[in-house]
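Sequential numbering from 1 along the given sequence is applied to the chain's residues.
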Amino acid sequence: MWFVNHYECAECNETWADEWSCMCDDECPECGARNMSPIKSDDLTYVVEEADFEFFVLRSSDAAEHTPDYQDVGCFKSKHAAELYIENLTSSIRA
C-alpha cells in the first residue's frame, strides 16, 4: 500500500504532506511536535500512467516502505478502462 498523508499540527497549525506505506503519525516539520495523526490520506496504492497512448496500471509493492516500488499490473487503451480495472480490483478486495 502507498499513501500521501496530510497533516495539520495541533501546536502551531503547520500543514504538510508525507508519503508512506501506511497512515502513520508524523512529527511536525516546523515545531517538532510529535504524534500528529493524518487529517486525510490519499490512497496511491494503484496509479495510472500514460505512455505511448496506452494507460498502465501500477501497484505499489506489498514490501514498500520508503518508496512505493510500483509494479506494472495492466495495460489499457483508455484511462477510463484502467480506472475501471482499479475499481474492480479494490472493490473485490474490500468485499
For residues 60-71, please give each side-chain donor-acceptor pair under 3.5 Å, one per line with the distance, not counting sequence neighbours.
residue, atom, partner, partner atom, Å
Ser60, OG, Pro68, O, 2.8
Ser61, OG, Ala63, N, 3.0
Asp62, OD1, Arg59, NH1, 3.0
Asp62, OD1, Arg59, NH2, 3.2
Tyr70, OH, Leu44, O, 2.6

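- Among all heavy-atom pairs drawn from Cys22 and Asn5, the shortest one is O-ND2, 3.0 Å.
- Here Ile39 is tied to no hydrophobic group at all, with no ILVMFWY side chain closer than 4.5 Å.
- Distance check: Ser91 OG to Ile86 CD1 gives 12.0 Å after rounding to the nearest 0.5 Å.
- Side-chain contact between His6 and Asp42: present, with at least one pair of heavy atoms (C-beta onward) separated by less than 4.5 Å.
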What do the steps show when you test Val57 against Tyr46 for side chain to side chain contact (heavy atoms under 4.5 Å, CB included), and what is the final call? CA-CA 7 Å; Val57 173; Tyr46 291 94; 4.0 Å; yes
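- Membership of an apolar cluster is not assigned to Leu84, as no side-chain contact below 4.5 Å to another ILVMFWY residue is traced.
- Residues satisfying the side chain to side chain donor-acceptor pair (under 3.5 Å) criterion with Glu8, sequence neighbours excluded, are absent altogether.
- From Glu50, atom CD reaches atom CZ of Phe55 across 3.5 Å, with rounding to the nearest 0.5 Å.
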Chi angles and distances behind the side chain to side chain contact (heavy atoms under 4.5 Å, CB included) call for Leu58, Glu49: CA-CA 8 Å; Leu58 306 175; Glu49 289 192 0; 3.6 Å; yes
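- Pro38 places a side-chain heavy atom less than 4.5 Å from the side chain of Asp25.
- Under the 3.5 Å distance criterion, the side-chain polar atoms of Asn88 are left unmatched by any main-chain donor or acceptor of Thr90.
- Screening residues 76-86 for side-chain hydrogen bond (donor to acceptor under 3.5 Å, both in side chains) gives Glu54-Lys77 as the qualifying pairs, with residues at least two apart or on separate chains.
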Does Asp43 form a side chain to side chain contact (heavy atoms under 4.5 Å, CB included) with Met1? I'd like the steps, not just the answer. CA-CA 8 Å; Asp43 187 346; Met1 304 204 67; 3.9 Å; yes
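- Rounded to the nearest 0.5 angstrom, Asp26 CG and Ser37 OG are separated by 10.0 Å.
- Taking the side chain as every heavy atom from C-beta outward, Ser21 and Phe3 never approach each other to under 4.5 Å.
- With a 4.5 Å cut-off between side-chain heavy atoms of Ile, Leu, Val, Met, Phe, Trp and Tyr, the cluster of Met36 takes in Tyr7, Trp16.
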